[in-house]
**Student:** 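One structure, as structure tokens, below. Some questions next.
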Amino acid sequence: QVQLVESGGGLVQAGGSLRLSCTASGRTSSSFAMGWFRQVPGKEREFVAAIARSGGSTGYADSMKGRFTISRDNAKNTVYLQMNSLKPEDTAVYYCAAMYGSSWFSVARDHRSYDYWGQGTQVTVSS
């Protein structure tokens, strides 16, 4: 069993930055490809970014490219999401997810590919 705990959410003004963290326990994070998703009430969960087990491959949703950066530190069992130039439409609950058994360089954009989820952290961007 794997537990994922997100942190770093909060309230920020438009144009500001936040860094989300997701720490895994129960298994070493290098066993998992990791992803970030977000969701607002009444809408489906939306892919944000993903990173392979190696850290050498990443993927982003088009609207996040150039603004968000995903990274990982396997020694700390932690994945990060650096969010810059935040917009009010980025307001959502952000979820960390882990996918077990992927190849060393693959990433996944489909939330159904992920096996474990954190509880989420709220990000609110004011205009």
Side-chain angles (χ1 to χ4, degrees):
Q1 191 71 11
V2 174
Q3 293 78 42
L4 303 175
V5 178
E6 302 100 335
S7 61
L11 174 64
V12 64
Q13 288 188 332
S17 299
L18 283 174
R19 188 176 82 155
L20 305 183
S21 300
C22 172
T23 300
S25 61
R27 276 191 178 178
T28 56
S29 66
S30 60
S31 301
F32 301 89
M34 303 294 291
W36 286 97
F37 292 79
R38 67 186 187 185
Q39 191 168 22
V40 297
K43 292 190 176 182
E44 292 187 358
R45 194 161 292 191
E46 177 187 20
F47 171 72
V48 174
I51 188 166
R53 291 170 58 198
S54 66
S57 299
T58 57
Y60 297 92
D62 288 343
S63 61
M64 287 75 165
K65 285 181 181 177
R67 299 191 300 126
F68 292 7
T69 303
I70 189 171
S71 61
R72 67 189 299 163
D73 184 339
N74 286 341
K76 295 182 178 180
N77 282 347
T78 301
V79 174
Y80 305 97
L81 184 68
Q82 178 67 44
M83 304 186 294
N84 299 328
S85 302
L86 283 162
K87 306 173 182 179
E89 51 264 43
D90 293 319
T91 296
V93 177
Y94 283 71
Y95 295 92
C96 171
M99 179 175 65
Y100 184 68
S102 63
S103 67
W104 194 237
F105 291 104
S106 61
V107 298
R109 297 170 178 260
D110 189 338
H111 65 89
R112 295 168 294 182
S113 299
Y114 289 82
D115 303 296
Y116 302 98
W117 292 85
Q119 292 300 306
T121 185
Q122 176 71 45
V123 171
T124 302
V125 184
S126 63
S127 57

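Predicted, not measured: the structure shown is a model, and the values here were computed from it.
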**Student:** Dump the intermediate steps for side chain to side chain contact (heavy atoms under 4.5 Å, CB included) on Trp117 and His111, then the final yes or no.
**Tutor:** CA-CA 10 Å; Trp117 292 85; His111 65 89; 3.8 Å; yes
**Student:** Thr69 side chain to Gln82 main-chain N or O, any donor-acceptor pair under 3.5 Å?
**Tutor:**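 It does not hold such a pair.
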**Student:** Ser106 and Ser102: which non-hydrogen atoms are nearest, and at how many Å?
**Tutor:**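 Answer, listing the atom of Ser106 first, then Ser102: OG-CB, 3.6 Å.
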**Student:** If you measure from CD on Gln119 to OG on Ser7, what distance do you get to the nearest 0.5 Å?
**Tutor:** 13.5 Å
**Student:** Looking at Ile51, Leu20, Val107, which one forms a side chain to side chain contact (heavy atoms under 4.5 Å, CB included) with Ile70?
**Tutor:**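 For Ile70, the side chain to side chain contact (heavy atoms under 4.5 Å, CB included) check succeeds only for Ile51.
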**Student:** Return yes if a side-chain donor-acceptor contact under 3.5 Å exists between Thr91 and Thr124, otherwise no.
**Tutor:**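 Thr91 vs Thr124: no donor-acceptor pair found between side chains.
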**Student:** CH2 of Trp104 to OG of Ser54: how many Å apart, nearest 0.5 Å?
**Tutor:**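 The distance works out to 6.0 Å.
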**Student:** Is a donor from one side chain sitting under 3.5 angstrom from an acceptor on the other, for Tyr94 and Arg38?
**Tutor:**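 Present: a donor and an acceptor within the cut-off.
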**Student:** Verify, without hydrogens or angle tests, whether Asp115 (side chain) and Tyr100 (backbone) share a donor-acceptor contact under 3.5 angstrom.
**Tutor:**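 Yes, the answer is positive, given that a donor and an acceptor are paired below the 3.5 Å cut-off.
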**Student:** Give me the atom names and distance for the closest heavy-atom approach of Gly59 to Phe47.
**Tutor:** O-CZ, 3.6 Å
**Student:** Using only heavy-atom distances, determine whether the side chains of Asn84 and Ser17 contain a donor-acceptor pair under 3.5 Å.
**Tutor:** yes
**Student:** Would you name the heavy atoms of Val40 and Ala92 that are closest together and state the gap between them?
**Tutor:** CG1-CB, 3.6 Å
**Student:** Linking I/L/V/M/F/W/Y whenever any side-chain heavy atoms sit under 4.5 Å apart, do Met83 and Val125 land together?
**Tutor:** yes
**Student:** Closest heavy-atom contact between Ala33 and Arg53?
**Tutor:**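 In terms of heavy atoms, the two residues are closest at N-CG, 3.5 Å.
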**Student:** Looking only at heavy atoms, what is the nearest atom pair of Cys96 and Leu4, with distance?
**Tutor:** O-CD1, 3.7 Å
**Student:** Do Gln39 and Arg45 meet the criterion of a side-chain donor-acceptor pair at a distance under 3.5 Å?
**Tutor:** yes
**Student:** Could I get the full list of salt bridge (Lys or Arg N to Asp or Glu O under 4.0 Å) partners for Arg67, not counting sequence neighbours?
**Tutor:**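 Per chain and number, Arg67 pairs via salt bridge (Lys or Arg N to Asp or Glu O under 4.0 Å) with Asp90.
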**Student:** For Gln13 and Ser126, run side-chain hydrogen bond (donor to acceptor under 3.5 Å, both in side chains): C-alpha distance rounded to whole Å, both residues' side-chain angles, the deciding distance at 0.1 Å, then the answer.
**Tutor:** CA-CA 5 Å; Gln13 288 188 332; Ser126 63; 5.0 Å; no
**Student:** Above 12 or not: heavy atoms from other molecules or residues under 6.0 Å from CD of Gln122?
**Tutor:**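 For Gln122, atom CD is crowded (more than 12 foreign heavy atoms under 6.0 Å).
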**Student:** Do Leu18 and Leu86 have side chains that approach each other closer than 4.5 Å (heavy atoms only, starting at C-beta)?
**Tutor:** yes
**Student:** Could you pull out the closest heavy-atom pair between Arg109 and Tyr60, with the gap in Å?
**Tutor:** NH1-O, 3.0 Å
**Student:** Can you tell me how far apart CZ (Arg19) and OG (Ser71) are? Round to the nearest 0.5 Å.
**Tutor:**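 OG of Ser71 is found 7.0 Å from CZ of Arg19.
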**Student:** Is there side-chain contact between Val48 and Tyr95, with at least one heavy-atom pair below 4.5 Å?
**Tutor:**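 Side-chain contact under 4.5 Å: no.
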**Student:** Looking at side-chain heavy atoms only, is the closest gap between Phe32 and Tyr116 below 4.5 Å?
**Tutor:**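 Counting from C-beta outward, Phe32 and Tyr116 do come under 4.5 Å.
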**Student:** Between CG of Asn74 and NZ of Lys76, what distance do you get to the nearest 0.5 Å?
**Tutor:**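 Asn74 CG to Lys76 NZ: 12.0 Å, rounded to 0.5 Å.
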**Student:** Would you check if the distance from the ring center of Phe37 to the ring center of Tyr114 is below 6.0 Å?
**Tutor:** yes
**Student:** Could you check whether any side-chain heavy atom of Tyr80 comes within less than 4.5 Å of a side-chain heavy atom of Arg72, counting everything from C-beta outward?
**Tutor:**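 Heavy-atom side-chain distance check fails, nothing below 4.5 Å.
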**Student:** Working to the nearest 0.5 Å, report the span between CG of Leu81 and CE of Met34.
**Tutor:** 11.5 Å
**Student:** Got a second to check how far Ser63's OG is from Glu46's CD, nearest 0.5 Å?
**Tutor:** 5.5 Å
